[in-house]
Amino acid sequence: MLKTEKSLDEMTREQLIHYIRETVQPEKGIIPAYLLGNPTVYDVEHEKVFLKTWVFVGHESEVPNAGDFMTRELSGYSIIITRDKEGEIHAFHNMCTHRGMKLCRADKGNKSSFTCPYHGFNFKNTGELIGVPLEKNIYGSTLDRLKMSLHKVKLESYKGLLFGTWNDEAEPLEEFLGDFKWYLDIVVGRAEMEVIGAPQRFVVNSNWKVGSDNFVGDSYHTMVTHGSIAKLGMVPNATYSKRGYQIYTENGHGLNLGTPNPDFAFPEELKDEYKNNLSEGQYEVLANLKNMIGNIFPNLSFLISHTKIKDQLISNTSIRMWRPLGFNKMEVIAWMLVEKNAPQEWKDRSRDSFILTFSPSGIFEQDDTEVFTDITEAASGPMPFHKNLTYNYTMGLHREPVEFIGPGVVFDDKFTEASQRNFYKYWLELMTK
Amino acid sequence: MNLEQILVKYEFEQWLNKEAEYLDNIEFDDWFALMHSSLRYQMPVRVNKEGTERPDYSTDMFTFNDDIELLKLRLERLKTDYAWAEIPPSRTRRFVSNVMVREYAEGEKAVVKSYLLIYRSRSTDIHHDLISGERNDEFTFEDGKWKLSKRVFIVDQTTINTRNLAIFV
């Protein structure tokens with residue numbers, strides 16, 4: 001292990017990147033603890049990961065009508081997402097181009113223009129500056145309104161999921177998602193999906209990577225951390241989480257696919273819609289699906305959960321973002337998705353199962369946050385760095401991938417750390433580029 | 001306010017204080033005994049709206065949306081050895097104030113509004129969480145006692161500043 005007398009904050013940017021390159025060894029299953037507990041690493045991460053990749057900002061169904069808007073955050077900056085009268089979706093930096101004030105401070109609403117609270121500049125929901133108080137009198141005809149349009153955010157949609165990026169050179173979203181789309185289709189493209197209500201939002205004192213790591217491939221913890229749900233009879237047994245597949249693709253994306261399931265986890269009425277939207281292979285996976293847990297690099301996780309509540313089986317689908325607020329703090333934002341054409345009774349039960357299991361009061365959710373918090377605390381400060389504390393990510397290193405109906409590198413069991421190694425491999429690639 | 005109204009207010013203040021004591025002392029079975037079988041226990045997700053548009057909370061997404069059966073399941077879970085979120089249990093202190101009796105039918109039904117501030121401390125963590133909001137409660141009189149039949153807790157934060165809601169509000 002590389003020895004250094006310097007602490008991370010004494011290093012130059014080049015020295016730090018060199019140090020990261022030498023000490024982070026995903027292919028050997030070695031991940032150093034300082035990655036989770038250091039503000040300098042976090043600062044570099046913000047620039048090299050979060051300002052470079054596609055980051056989730058919302059779902060199209062959250063702005064269904066002309067004039068709808070919502071404010072979101074894209075890698076540290078507030079943005080406004082609007083739907084204009086032609087139905088087209090736009091995204092702008094939430095910053096007046098005159099003096100930089102936030103134009104909008106509501107979570108969502110409906111209006112065709114935004115007025116700056118500072119000097120009253122008015123912008124259309126398509127970005128153009130359309131009104132300046134006393135313009136003729138104070139600017140004459142010298143103000144170039146066109147140049148003062150709102151700063152457009154690069155935005156692309158995949159099956160309703162909206163991603164934004166500050167990187168002008170970013171590859172197209174579809175390329176970034178690559179083979180992972182095959183699995184993502186099952187989560188968000190199997191039917192017309194809509195977000196129910198407002199997203200849940202809460203703060204956890206944890207590094208964001210702990211959340212991504214947990215969802216990208218850690219079903220191993222389920223037996224212990226979520227041991228209570230087997231005791232309560234909501235899942236058949238404690239090792240329920242082992243059977244299935246672990247899959248990863250390029251760019252750090254990965255998932256665990258729980259299978260088989262003797263019960264169909266989705267509304268029976270929608271079988272035709274599913275078949276129309278999915279390939280035969282995808283439908284076969286869906287029809288046998290127990291659950292599905294994954295992460296789109298860097299910080300958008302998704303989950304299809306299937307449990308028994310009040311003696312009735314019900315699944316719920318959610319997506320969640322681990323929004324970094326600092327090296328040791330994140331906001332968790334969790335959206336619930338449901339099939340738009342499902343019967344209302346099914347939608348309601350699905351919603352209530354989401355609330356019971358994976359909202360901030362959720363009986364699965366709450367135990368994870370204890371773990372996330374303590375891991376981050378133990379990784380923080382100078383000691384874990386100076387003593388070269390590392391985590392063991394070697395599970396399944398001896399195993400060979402198997403053939404599968406879908407793409408990617410696939411293992412026929414969920415208890416391996418291949419997806420996490422792949423997550424860190426891509427993270428390292430971006431950090432040391 | 002006449003004497004009768006003062007006594008009614010006092011009665012519900014005592015009820016809510018007792019409830020807070022049960023929850024802060026982790027006496028969940030005693031707390032559960034205060035609940036009516038028709039219970040609806042809700043905490044809507046709070047949202048920021050333009051101007052004064054109301055309500056400024058979601059009407060179809062909740063942080064809690066339990067009936068008596070689901071509430072019982074939560075309590076059963078806390079008794080397993082795997083309820084890590086509350087091992088060791090949070091130290092909580094519930095401050096109940098501004099109790100206002102909105103409707104009252106003797107021996108039948110009552111609607112009571114109150115403010116709630118919860119201080120929460122976890123284990124050795126030096127940080128504390130504060131959860132503040134108002135409760136809109138409905139009570140049903142049964143077997144000579146007032147039981148809680150509906151609670152809607154309107155939290156004051158859109159982003160809740162606590163790692164989870166493994167505690168009750």
Side-chain angles (χ1 to χ4, degrees), chain A residues 69 71 104-111 195-206 223-234 238 309-311 323 325 331-336 347-348 351-356 359-363 365-374 377, chain B residues 41-53 56-88 90 122-127 129 131 153 155 157-169:
Chain A
F69 72 88
T71 52
C104 179
R105 291 181 287 174
D107 295 339
K108 61 189 303 185
N110 183 289
K111 58 182 184 182
V195 167
I196 297 287
Q200 306 269 3
R201 299 167 64 168
F202 57 107
V203 168
V204 183
N205 291 325
S206 164
M223 294 192 299
V224 180
T225 311
H226 307 303
S228 66
I229 51 152
K231 293 242 172 209
L232 296 173
M234 294 175 70
I309 297 171
K310 296 183 186 175
D311 286 325
R323 177 167 97 87
L325 296 172
E331 181 182 2
V332 184
I333 312 180
W335 291 260
M336 197 230 156
K347 285 185 186 182
D348 290 345
R351 178 196 62 194
D352 290 343
S353 80
F354 163 69
I355 294 168
L356 182 71
S359 80
S361 80
I363 61 182
E365 178 75 47
Q366 45 181 263
D367 295 322
D368 281 329
T369 56
E370 288 297 303
V371 176
F372 292 4
T373 309
D374 283 0
E377 197 177 291
Chain B
Y41 179 81
Q42 290 182 324
M43 174 174 167
V45 171
R46 202 83 198 246
V47 291
N48 300 306
K49 290 215 172 154
E50 281 277 291
T52 52
E53 191 192 335
D56 57 348
Y57 53 81
S58 181
T59 50
D60 51 2
M61 186 48 76
F62 307 89
T63 305
F64 282 109
N65 189 23
D66 291 351
D67 58 16
I68 196 80
E69 219 178 314
L70 294 183
L71 192 68
K72 196 164 194 321
L73 184 76
R74 290 181 188 275
L75 298 187
E76 277 168 19
R77 191 190 95 90
L78 288 169
K79 291 175 186 170
T80 70
D81 295 332
Y82 294 95
W84 307 110
E86 284 296 305
I87 301 176
S90 298
R122 294 283 304 124
S123 184
T124 53
D125 199 344
I126 57 165
H127 302 284
D129 300 337
I131 302 155
F153 178 70
V155 69
Q157 285 183 312
T158 41
T159 295
I160 302 166
N161 192 19
T162 186
R163 63 179 85 183
N164 57 46
L165 275 162
I167 58 167
F168 299 102
V169 294

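Letters A, B, ... mirror the listed sequences (proteins, then strands); counts begin at 1.
- Both the backbone and the side chain of A:K310 come within less than 4.5 Å of a heavy atom of chain B.
- Of the listed residues (A:L232, A:D368, A:T225), the greatest number of heavy-atom pairs within a distance under 4.5 Å of chain B belongs to A:L232.
- Considering only residues two or more places apart in sequence or on other chains, A:E377 meets the salt bridge (Lys or Arg N to Asp or Glu O under 4.0 Å) condition with none of them.
- Contact annotation for A:S359: only side-chain heavy atoms (C-beta onward) come within less than 4.5 Å of a heavy atom of chain B.
- In this structure, chain B has heavy atoms under 4.5 Å from both the backbone and the side chain of A:V224.
- For A:I309, the part sitting under 4.5 Å from any heavy atom of chain B is the side chain, from C-beta outward, and nothing else.
- Shortest non-hydrogen contact noted between A:S361 and B:R74 is O-NH1, 2.7 Å.
- Proximity to chain B is limited to the side chain of A:E331, based on heavy atoms less than 4.5 angstrom apart.
- No hydrogens or angles considered: nothing links the side chains of A:T373 and B:R122 as a donor-acceptor pair under 3.5 Å.
- Contacts of B:E50 with chain A are made by both backbone and side-chain atoms, with heavy-atom separations under 4.5 Å.
- Annotation: the span from B:E86 atom CD to A:D367 atom CG amounts to 9.5 Å, rounded to 0.5 Å.
- If you measure heavy-atom distances from A:F354 to chain B, the contacts under 4.5 Å come from the side chain alone.
- Although no hydrogens or angles enter the test, the distance criterion places no donor-acceptor pair under 3.5 Å between the side chain of A:Q200 and the main chain of B:T159.
- Rounding to the nearest 0.5 Å places CG of B:N164 at 12.5 Å from CD1 of A:I363.
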